[in-house]
Amino acid sequence: MIMIIIQHSLQLHVHAAEAAQVGEGVVKIDCGGRCKGRCSKSSRPNLCLRACNSCCYRCNCVPPGTAGNHHLCPCYASITTRGGRLKCP
C-alpha cells in the first residue's frame, strides 16, 4: 500500500514538473542530480549525462530510476535525434 502511495506521489510530481513553463514561477528541477542518478549504471556515463541534461533542461523532467519509466515523462520520451532514435536515456 505504501509503495502505491509513493508511486502515485512521484507521478504527480513528475507530471507537475512537465507542465511547468519557464517564467511561470515554477521551480526548475535539479537536472544534474537527477541525471547523475539516471546515468549511474550506464556503460557510457559521460554520453548519458550529456544527453540526459540536454533533455532535462528542455523538459524540466527526468524519469525515475536508471532506465525505463518514460511514460512518467512524455516530453523526455518524445525527443529524438536527427536519425530518428530516442535521444534521452
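- The backbone N or O of Leu72 sits nowhere less than 3.5 Å from a side-chain atom of Asn69 that would complete a donor-acceptor pair.
- Expressed to the nearest 0.5 Å, how far SG of Cys56 lies from CD1 of Ile29 amounts to 3.5 Å.
- For Pro63 against His70, the heavy-atom pair with the smallest separation is CG-CD2, 3.9 Å.
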Pair up each side-chain donor or acceptor in residues 44-52 with any protein partner under 3.5 Å, not counting sequence neighbours, and list the distances.
none

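- Atom CG of Asn53 sits about 6.0 Å away from atom SG of Cys31, to the nearest 0.5 Å.
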Could you give the side-chain donor-acceptor pairs of residues 82-89 under 3.5 Å, partners two or more places apart or in another chain?
residue	atom	partner	partner atom	Å
Lys87	NZ	Ser54	OG	3.1

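- Residues meeting the side-chain contact (heavy atoms from CB on, under 4.5 Å) test with Ser40, sequence neighbours left out: Thr66.
- How far SG of Cys55 is from CZ of Arg34: 14.5 Å, rounded to the nearest 0.5 Å.
- Cys pair Cys59 and Cys73 fails the test of SG atoms under 2.5 Å apart.
- With rounding to the nearest 0.5 Å, the separation of NZ in Lys28 from OH in Tyr57 is 9.0 Å.
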